[in-house]
Amino acid sequence: MTSEVKSSFTIDTDSILKGLNPEQKKAVETTEGPLLILAGAGSGKTSVMTRRIAYLMGHHKVQPWNILAITFTNKAAKEMNERVEKLVGEAASDIWMSTFHSMCVKILRREAEKLGYQNNFSILDPEDQMAAIKQCMLDLNYDMKKFEPFSVQWKISAAKNELLGPDEFKKMAGKSLLDSVAANVYREYQHKLSGINALDFDDLIFKTVQLFEDQPDVLETYQEKFQYIHVDEYQDTNRAQYKLVNLLAKKYRNLCVVGDSDQAIYRWRGADISNILNFERDYPEANVIMLEQNYRSTSTILDAANAVIRNNTQRKDKNLWSAKGQGEKISIYAALDQADEAAYVVAKVQEHVGNGGQFRDCTVLYRANAQSRAIEEVFLQAAIPYKILGGMTFYDRREIKDVMAYLKAISNPQDEISLLRIVNVPKRNIGEGTLKRLLDFAHDNSLTLLEAMGKAEQADLGAKATEAVKKFHLLMTDLHFTQEGLSVTEFLQEMLRRTGYREMYESSPKEEDKNRLENIDELLTVTRAFDKRRRGTLADFLAETSLLSDTDKETGKKDNAVHMMTMHASKGLEFPVVFVIGAEETIFPHSRSMDTTGGIEEERNLCYVAITRAQEKLHITYCTERTIFGQLQMNDPSRFLDELPEELVEKSGSDFQVVPRWEIGLRVRHPQWGIGVIMDMTGKDDELELEVTFQSRHGTKKVKPKTTKLRVIEK
DNA sequence: CCGTGCGTCTTTTTT
DNA sequence: AGACGCACGG
């Protein structure tokens, strides 16, 4: 990598600094030494980062390949790259701009041998990972009903994020049974992974850190390469990422980190907010710059966000301000149920479009992916174009996963996980029993599964099974060699034909399967784009696609559509009109975060993130009734709603529009006490008081409809 | 070896 | 409500 020739480029340094406020300008010009940029939401940090990079090149003549910029998503990286390119031209392509994971893949592909891996290693996605863990638990004879594979996977992942290998984890682990099970599975799992030449997401970082720690010369190569390092969203880095960055920056100490502790929302996956809080301790000579002017939202929206976040105790106080006007008030809508909530969103979207706005201006944010369903249904009915980011995406579809598994198994013949997924798709009469015998045979003779298949006749299978297995083995080895010399697209076509995978769906009469074919064709357009862009290997293509984050993969090709995503996925994005739905206790904040104050504070950070996505108009909705797991539930409005200053909001709701005519004998529903019957009425108008007998345990209560939410039940 | 039907349970958030 | 795992019958 030292073969790079000095590149020449001319950059107009004056234009780089144009239009920046004094703090932003200082952030761009402070190029040497450690720099901490505390960037509030919407404070123009991307602009600062891109210009800082351009300034390094233009003013200090730093070579592009000596610059590293780590972002949170591939999309952010791509966007940053485009913006830098506008400033510095083609030289931008020599800058490493990527996520932690993509960067580590790039490094590991070069250095794999040094770690005892081959450079065509597979990357296990969470589903493959789960499959591998289940296999390990099976091998170790653990009862998977007693110890959930999911929890084990979680523990292993957490350990890796903390840079604990199997041995360290065993030492550090708690004394619970689950921990000791996890420790044993962890060891077995790593053993399996190295046997199949595969790494999981967490390994990508962990192994890179190990490489750097164990082999100082390798570390030094990269320290020399990355003389100027930028890390975005530093508040969301975990232990392993922190270590990685600090190892790289150790030599030149030109480390610029950008973050906002109020937007820390990934503690649950190991992110440690003290990484950013302790930056000045780690680098006593650091410069610190605060960006507090928000260029995104109206002051109403910002004031609301500030008011909410102020309730957190664990934070550095800061105050975002905006020069934009007040704008509209925040609308809070109390919906009857999910359908009503969705109807409200539809009505407001249509209103926005009716007033000359675009669908793409609107975004619906929710706490959990499952909440998108109700909205989706109503959008379909109302013919509102929409685009869902995250959740079940293109790459999660069965046919795509299958095809990718084929590609992985062919690219890395040791990849048993992928092989097992597709060995019998389409049906080849190689079933559970045969595979079990093959796996045992492979294990006893230290063979990979594919190698064992090649020697099927020795595996004691029976004539029919042996023949089926041999045929499959021939197909796979053949494809492995066909791969060479073909572009990814050409190879994929060939593979789809020879494996009979395409045929399987073509011959099916089901409408669903026609769709699957379309998705496969869609994948072919993805490979075509890849071939055109960089003509990489199959392994490169697989790595690129498996590292796409939810925000990176947009489903559907509709341009002008309402966006829908989780609040997590919305970080870093902005939209004129934002709907935050499901603002109810147990949904948001989520019930599983409510037992710790840390949990609640992180939910509040998430609320802050959600609110600050909005540029002009914010709608927040909640349901008084919600059906969850087929069960009717009533939740209180979210506590975060109480934290919004009265003068900034405007409340409405079905409950307030319909004034029921109360009468004795009427059946009603109360949010806490459930269903009851009106037994008596006293007073009138605002003073009206009802005596209601509720089901069994709640007995008879006096209720004022003016102050309590009571609903009449039809029939 | 494969398909079907019943009973169980519910991953919050994601690179 | 819906997905998934498991047991059973062909």
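Everything quoted here is computed from the prediction, not taken from an experiment. Reminder, nothing fancy here: chain letters follow the sequence lines and each chain counts from 1.
- Nearest nucleotide to the side chain of Thr434(A), out of dT12(B), dT14(B), dC1(B): dC1(B).
- Of all nucleotides in DNA chain C, those with any atom nearer than 4.0 Å to a heavy atom of chain A start and finish, going 5' to 3', at dA1(C) to dG5(C).
- At least one donor-acceptor pair under 3.5 Å links the side chain of Asn424(A) to the backbone N or O of Arg428(A).
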Going through the checks in order, is the ring pair (Phe, Tyr, Trp, His ring centres under 6.0 Å) test met by His563(A) and Tyr386(A)? CA-CA 6 Å; His563(A) 288 68; Tyr386(A) 66 91; over 10 Å; no
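- Residues satisfying the salt bridge (Lys or Arg N to Asp or Glu O under 4.0 Å) test with Glu603(A), not counting sequence neighbours, are Arg367(A).
- When the P atom of dT13(B) is taken as reference, atom CH2 of Trp268(A) falls 8 Å away, rounded to whole Å.
- Thr566(A) has a side-chain polar atom (N or O) that falls below the 4.0 Å cut-off from OP1 or OP2 of dT14(B).
- Of the residues near DNA chain B, Arg592(A) and Gly431(A), the one whose nearest nucleotide (by heavy atom distance) lies more toward the 5' end is Gly431(A).
- The residue Tyr266(A) sits close only to the backbone: its heavy atoms come under 4.0 Å of sugar-phosphate atoms, none of a base.
- Listed candidates were dT12(B), dT11(B), dT14(B). Nearest to the side chain of Arg367(A) is dT12(B).
- In this structure, the ring-ring contact (aromatic ring centres under 6.0 Å, His included) partners of Phe579(A), at least two apart in sequence or on a different chain, are His619(A).
- The salt bridge (Lys or Arg N to Asp or Glu O under 4.0 Å) check on Asp440(A) picks up Lys436(A), with sequence neighbours excluded.
- Across the protein-nucleic acid pair, Glu148(A) atom CD and dC9(B) atom P stand 11 Å apart, rounded to whole Å.
- Remark: P of dT12(B) and NE2 of His590(A) are 5 Å apart, rounded to the nearest angstrom.
- An OP1 or OP2 oxygen of dG3(B) is reached within less than 4.0 angstrom by a side-chain nitrogen or oxygen of Lys427(A).
- Among the atoms of the strands shown, none is found under 4.0 Å from any heavy atom of Lys160(A).
- The shortest distance between side-chain heavy atoms of Tyr266(A) and Asn238(A) does not fall below 4.5 Å.
- Among residues two or more places apart in sequence or in another chain, the ring-ring contact (aromatic ring centres under 6.0 Å, His included) test is passed with His473(A) by none.
- Comparing dT11(B), dT13(B), dC1(B) by their nearest atom to the side chain of Asn429(A) picks out dC1(B).
- Contact annotation: Asn424(A) reaches the phosphate of dC2(B) (side-chain N/O to OP1 or OP2, under 4.0 Å).
- Protein atom NZ of Lys436(A) is 13 Å distant from nucleotide atom P of dC1(B), rounded to whole Å.
- Scored by the side chain to side chain donor-acceptor pair (under 3.5 Å) test, Gln338(A) finds no partners at all (sequence neighbours excluded).
- Atom P of dT13(B) sits at a distance of 15 Å from the matching atom of dC4(C), rounded to the whole Å.
- Between the C1' atoms of dG5(C) and dT12(B), the separation comes to 23 Å (whole Å).
- Taking only side-chain nitrogens and oxygens, Asn369(A) comes nearer than 4.0 Å to OP1 or OP2 of dT14(B).
- The nearest whole Å value for the distance from the CD atom in Gln235(A) to the P atom in dT13(B) is 20 Å.
- The interatomic distance linking Phe150(A) (CZ) with dT12(B) (P) rounds to 7 Å, in whole Å.
- In this structure, the nucleotide among dT14(B), dT12(B), dT15(B) sitting nearest to the side chain of Glu603(A) is dT12(B).
- If you measure from atom CZ of Arg269(A) to atom P of dT15(B), you get 6 Å, rounded to the nearest angstrom.
- For the pair Ile600(A) CD1 and dT12(B) C1', the interatomic distance rounds to 13 Å; values are reported in whole Å.
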